[in-house]
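What follows is a short report on a single structure.
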Number of protein chains: 2
Amino acid sequence: MKETQLLKGVLEGCVLAIIKRQQVYGYELVQIMRDYGFTTIVGGTIYPLLQKLEKQGLIKSKELTSPDGPNRKYFFITAYGEEQLMNFEEQWNSLIIKVNRIVENEESE
Amino acid sequence: MKETQLLKGVLEGCVLAIIKRQQVYGYELVQIMRDYGFTTIVGGTIYPLLQKLEKQGLIKSKELTSPDGPNRKYFFITAYGEEQLMNFEEQWNSLIIKVNRIVENEESE
DNA sequence: CAGTACTATTATGTTATACAAAGTAGTGAG
DNA sequence: CTCACTACTTTGTATAACATAATAGTACTG
């Protein structure tokens with residue numbers, strides 16, 4: 001079982017949570033995720049996700065020039081995005097409870 | 001975001017954990033998962049998963065007659081399966097830590 | 001015999017992430 | 001000036017998990 005499968009659905013919530021508290025551009029987001037321990041994250045994973053989130057209206061973007069290279073595309077969370085983030089947090093917490101109930105039972109019998 | 005995306009990768013670990021502490025057949029497993037709160041689980045989700053796990057050697061099966069219908073196919077965990085289950089638990093705990101670190105930071109700033 | 005509950009199987013679709021490659025803009029070395 | 005390098009973004013193709021839905025077969029019940 002690869003760790004990557006566990007990521008599904010989680011990544012989106014994490015990205016929203018990060019964008020909520022600071023505006024970021026894609027490249028930076030990759031670094032941040034890696035700092036948090038998601039070492040396998042690369043651009044090819046993040047950019048399509050950002051495009052999807054923007055298309056769905058959860059985030060919006062603004063392009064700004066960079067002193068170090070090509071333009072950066074900064075992302076911000078929308079009201080709808082915040083709503084969905086809360087939604088994610090609920091589902092995530094609920095999932096933890098369910099899974100732990102199953103896995104922890106293991107030792108109690 | 002549908003809850004179903006969060007399931008990915010988790011389902012396999014849950015199924016293994018359940019099979020570890022009691023032999024079950026597919027239909028029964030569906031009921032158990034539903035009791036645990038995974039209300040959307042149906043046969044079409046569980047049976048292919050069981051076949052995959054058996055093919056990979058994480059579980060093995062034995063067919064027994066049922067008093068109430070067609071034969072039941074009971075599943076047992078193998079040594080390799082137990083190994084993978086421990087593996088899953090580690091990854092799952094590690095994922096919880098990482099995600100919570102991201103999500104919870106939200107309020108502390 | 002018709003209908004319903006049990007049990008297993010399989011085909012097809014959707015979607016998130018992986019993987020890999022490439023394109024664009026600036027900077028520094030020679 | 002150009003070559004290489006780094007910062008930054010984009011895109012195409014593949015894989016694998018889970019959803020959805022339909023099929024089929026056994027036993028019980030009316």
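Quantities reported herein were computed from a predicted structural model and do not represent experimental measurements. Chain letters run A, B, ... following the sequence lines, proteins first and then strands; every chain starts at 1. Below, all heavy atoms of this structure are taken into account, side chains as well, without hydrogens, waters or symmetry copies.
- For Asn71(B), there are no side chain to side chain donor-acceptor pair (under 3.5 Å) partners two or more places apart in sequence or in a different chain.
- Along DNA chain C, the nucleotide nearest to Arg72(B) and the one nearest to Pro48(B) differ in position, and the one closer to the 5' end is contacted by Arg72(B).
- Checked against side chain to side chain donor-acceptor pair (under 3.5 Å), Tyr27(B) has no partners two or more places apart in sequence or in another chain.
- A close approach under 4.0 Å does occur between a side-chain nitrogen or oxygen of Gln51(B) and OP1 or OP2 of dT10(C).
- For the pair Met86(B) and Gln91(B), the minimum side-chain heavy-atom distance is 4.5 Å or more.
- Per the geometry, CE belonging to Met33(B) stands 12 Å off C1' belonging to dC18(D), to the nearest Å.
- The interatomic distance linking Phe38(B) (CZ) with dA17(D) (P) rounds to 17 Å, in whole Å.
- Distance, Phe75(A) CZ to dC8(D) P: 14 Å, rounded to whole Å.
- In terms of phosphate contacts, Tyr47(B) brings no side-chain nitrogen or oxygen within less than 4.0 Å of OP1 or OP2 of dT10(C).
- Scored by the side chain to side chain contact (heavy atoms under 4.5 Å, CB included) test, Leu64(B) finds Lys62(B), Tyr74(B) as partners (sequence neighbours excluded).
- Remark: P of dT20(D) and CD1 of Ile46(B) are 14 Å apart, rounded to the nearest angstrom.
- Counting only residues at least two apart or on different chains, the side-chain hydrogen bond (donor to acceptor under 3.5 Å, both in side chains) pairs with a member in residues 50-59 of chain B are Glu12(B)-Lys52(B), Glu54(B)-Ser61(B).
- Relative to the six-membered ring of Phe75(B), Lys60(B) misses at least one condition, a distance below 6.0 Å or an angle of at most 45° to the axis.
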Using a cut-off of 4.0 Å between protein heavy atoms and nucleotide atoms, how would you tag nucleotides 22-30 of chain D 5' to 3' with B, S and -?
---BBSS--
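- The phosphate of dT9(D) has neither OP1 nor OP2 within less than 4.0 Å of any side-chain N or O from Tyr27(A).
- Look at CD on Gln31(B): it is 13 Å from C1' on dA8(C), rounded to the nearest Å.
- Whole-Å rounding puts the Lys8(A) NZ to dT14(C) P distance at 16 Å.
- Of the candidate nucleotides dA16(C), dT11(D), dA7(D), dA16(C) has the atom lying nearest to any side-chain atom of Lys52(A).
- Rounded to whole angstrom, the span from the CG atom of Leu53(A) across to the P atom of dT10(D) amounts to 14 Å.
- An OP1 or OP2 oxygen of dA19(D) is reached within less than 4.0 angstrom by a side-chain nitrogen or oxygen of Thr45(B).
- In this structure, Lys73(A) does not reach the dC8(D) phosphate: none of its side-chain N or O atoms is under 4.0 Å from OP1 or OP2.
- Within 4.0 Å (heavy atoms only), Val42(A) reaches no atom of the nucleic acid at all.
- A straight line from CD1 of Ile41(B) to P of dA19(D) spans 5 Å, rounded to a whole angstrom.
- Residues satisfying the side chain to side chain contact (heavy atoms under 4.5 Å, CB included) criterion with Glu82(A), sequence neighbours excluded, are Lys20(A), Ile77(A).
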